[in-house]
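Every chain is numbered from 1 and lettered A, B, ... according to where its sequence line falls, protein lines coming before strand lines.
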There are 2 protein chains.
Amino acid sequence: MARSQRTITHSQLTEAQERFIRTWGQMGPSWGISRTMAEVHAMLYIVGQPLNTDEVMERLSISRGNASMSLRALVEWGLVTRVHKRGDRKEYFEADRDAWSMARTIIRERLRREILPLLTTLYEIRDETGERVAEAPTSGAPATPEAIAEHNRRLDALVELIQTIDKLGERFVGTEGKGGGGLKLAATVLSKVV
Amino acid sequence: MARSQRTITHSQLTEAQERFIRTWGQMGPSWGISRTMAEVHAMLYIVGQPLNTDEVMERLSISRGNASMSLRALVEWGLVTRVHKRGDRKEYFEADRDAWSMARTIIRERLRREILPLLTTLYEIRDETGERVAEAPTSGAPATPEAIAEHNRRLDALVELIQTIDKLGERFVGTEGKGGGGLKLAATVLSKVV
DNA sequence: CTGTATTTTCAGGAATCATTGAAAATCATC
DNA sequence: GATGATTTTCAATGATTCCTGAAAATACAG
């Protein structure tokens with residue numbers, strides 16, 4: 001049941017936007033991006049319309065250089081796109097408006113930038129200490145091989161974990177379509193099965 | 001088909017451990033913990049046996065203070081436990097040996113430390129601009145309310161997303177048992193359904 | 001309780017990361 | 001291609017985080 005309608009003033013809206021921007025910005029560092037970059041993203045998302053560099057600079061009180069770098073990084077992440085306005089030489093930036101596709105983008109990029117390189121290196125490290133342990137344990141294992149086997153077992157377990165995360169992520173990312181796609185569907189499926 | 005058995009020397013094993021420690025350590029910063037803390041964890045995991053502070057200090061070439069703080073933080077995360085040895089006054093530290101339970105711990109803690117506070121704040125911000133939009137759009141909406149509604153719609157979408165992530169996470173964490181529990185099962189289920 | 005071993009704390013220094021601001025580069029228009 | 005608008009780059013500075021080392025606190029044995 002809906003509560004009674006309140007009148008929200010313009011400054012209250014701005015206030016709420018500010019608070020959202022700060023909150024989102026704080027998450028940045030724990031997600032591997034800088035606070036400012038997260039703030040710029042938050043702002044473009046919450047205002048919901050394209051802004052140019054000067055507007056970003058002014059609203060967040062940051063330098064031109066910082067604004068330029070942050071915006072470029074967001075574009076590279078695929079979270080923000082450049083748009084042009086007729087009769088205006090300035091570049092405008094617009095955030096992806098669909099929260100779910102945003103999530104997919106973040107997952108996709110983090111897989112690409114962090115998980116895949118990690119997996120590659122883990123494979124290399126794994127190769128330094130011989131082949132995978134066979135299903136049946138090697139009979140008559142000598143002295144050192146015991147330590148090797150344990151080491152390999154731990155590495156294999158971690159590799160399997162990271163592979164699973166990678167596969168899960170790709171599934172989430174893979175299913176296209178508005179309204180959540182794979183991620184939302186996965187949540188629904190899991191809530192019933194697990 | 002298995003490749004031929006290779007002989008792995010002791011120093012090769014140490015080499016592989018070192019490389020693993022460095023690799024895991026590099027991930028730290030993008031996961032919101034310090035490089036050293038990740039390295040300490042990696043080392044305890046890969047050597048697979050309890051080590052004391054001095055051994056950690058020496059092997060990673062870090063100070064006593066640093067070792068102490070990193071170990072304490074890992075214990076607080078629940079990734080490492082203190083163990084005591086008979087006839088030895090030193091404290092030893094041992095990493096969780098099960099990679100899957102390790103993953104559950106990390107997810108549980110990140111939900112608690114990051115997602116829940118974020119959700120709380122988002123709810124507060126959401127409350128600043130009135131009730132949820134009803135299923136049927138409000139008829140005859142006045143001037144400012146349009147902007148408010150858009151703002152709220154964007155916030156709501158984000159809240160729904162974060163809630164879903166939270167629920168998913170709790171499901172992964174919730175199912176106990178060795179061998180992966182919810183996380184592994186989820187991966188299996190999804191690979192068939194999505 | 002005393003002495004010793006061990007752990008914790010934390011101020012200061014070191015290292016890393018983020019930001020500025022202005023110069024250089026790019027771009028669009030005439 | 002000259003001009004002015006706009007964007008990008010990057011060396012220098014500032015801010016933040018991390019680490020050290022030694023002093024204080026704690027734990028334990030005799």
Side-chain angles (χ1 to χ4, degrees), chain A residues 21-22 24-44 50-77 79-95 113-114, chain B residues 21-44 50-77 80-95 113-114:
Chain A
I21 293 167
R22 277 199 307 272
W24 203 245
Q26 282 182 327
M27 300 298 298
S30 26
W31 280 75
I33 65 173
S34 82
R35 204 197 74 249
T36 299
M37 187 173 148
E39 283 189 353
V40 171
H41 178 235
M43 173 165 140
L44 291 175
L51 299 180
N52 63 40
T53 308
D54 292 85
E55 290 165 334
V56 172
M57 287 170 59
E58 195 191 341
R59 176 104 185 233
L60 297 181
S61 306
I62 60 176
S63 71
R64 183 170 302 281
N66 198 359
S68 176
M69 307 250 278
S70 298
L71 286 167
R72 178 233 277 256
L74 286 168
V75 169
E76 278 168 3
W77 267 76
L79 292 166
V80 162
T81 51
R82 297 171 196 270
V83 300
H84 294 275
K85 289 194 175 179
R86 290 238 158 279
D88 191 340
R89 268 168 69 173
K90 287 199 179 70
E91 267 185 322
Y92 285 73
F93 297 86
E94 182 175 34
R113 294 164 190 235
E114 296 165 28
Chain B
I21 292 168
R22 278 200 307 272
T23 302
W24 202 246
Q26 282 182 328
M27 299 299 297
S30 25
W31 281 75
I33 65 172
S34 81
R35 202 197 74 250
T36 300
M37 187 173 148
E39 283 189 351
V40 172
H41 178 235
M43 173 165 139
L44 290 176
L51 298 180
N52 63 40
T53 308
D54 293 86
E55 290 165 336
V56 172
M57 287 170 60
E58 195 191 343
R59 176 103 186 236
L60 297 180
S61 307
I62 61 177
S63 71
R64 184 170 299 283
N66 196 0
S68 176
M69 307 251 279
S70 297
L71 286 167
R72 180 233 277 258
L74 286 168
V75 169
E76 278 167 3
W77 268 78
V80 162
T81 51
R82 297 171 197 271
V83 300
H84 294 277
K85 290 194 176 179
R86 290 239 157 278
D88 191 339
R89 270 167 68 173
K90 285 200 179 69
E91 267 184 322
Y92 285 73
F93 297 86
E94 182 175 35
R113 294 163 190 235
E114 296 165 29

**Sub-4.5 Å side-chain heavy-atom contact between B:Val80 and B:Val40** = no
**Prompt:** In whole angstroms, how far is the P atom of D:dA5 from the CG atom of A:Asp54?
**Reply:** 13 Å
**Asked** Sequence neighbours excluded, which residues qualify as side-chain contact (heavy atoms from CB on, under 4.5 Å) partners of A:Thr53?
**Response** A:Met57, A:Arg64, A:Ala67, A:Leu71, A:Phe93
**Asked** Yes or no on salt bridge (charged side-chain N to carboxylate O under 4.0 Å, His left out) for A:Glu55 and A:Arg59, after CA distance, side-chain angles and deciding distance?
**Response** CA-CA 6 Å; A:Glu55 290 165 334; A:Arg59 176 104 185 233; over 6 Å; no
**Request:** Quickly work out the A:Gln26 CD to D:dT16 P distance and round it to whole Å.
**Result:** 13 Å
**Side-chain touch A:Gln26/A:Arg35, heavy atoms, less than 4.5 angstrom** = no
**Request:** For A:Ala38 and A:Gly28, work out which heavy atoms get closest and say how close.
**Result:** CB-CA, 3.9 Å
**Nucleotide-resolved protein contact map, nucleotides 13-30 of chain C, B/S/- at heavy-atom distance under 4.0 Å** = -----SSBB-----BB--
**Request:** For B:Met57 and C:dT6, give me the distance from atom CE to atom C1', rounded to whole Å.
**Result:** 12 Å
**Message:** Rounding to an integer number of Å, can you tell me how far B:Asn52 CG sits from C:dT7 P?
**Reply:** 7 Å
**Request:** Would you mind reading off the distance between B:Asp88 atom CG and C:dT4 atom C1', rounded to a whole angstrom?
**Result:** 15 Å
**Asked** Taking all non-hydrogen atoms of both residues, which atom of A:Gly25 and which atom of A:Pro29 are closest, and how far apart?
**Response** O-CD, 3.4 Å
**Request:** Grab the NZ-P distance between A:Lys85 and D:dT6 for me, whole Å please.
**Result:** 14 Å
**Message:** What is the distance, to the nearest angstrom, from the CZ atom on B:Arg82 to the P atom on C:dT6?
**Reply:** 15 Å
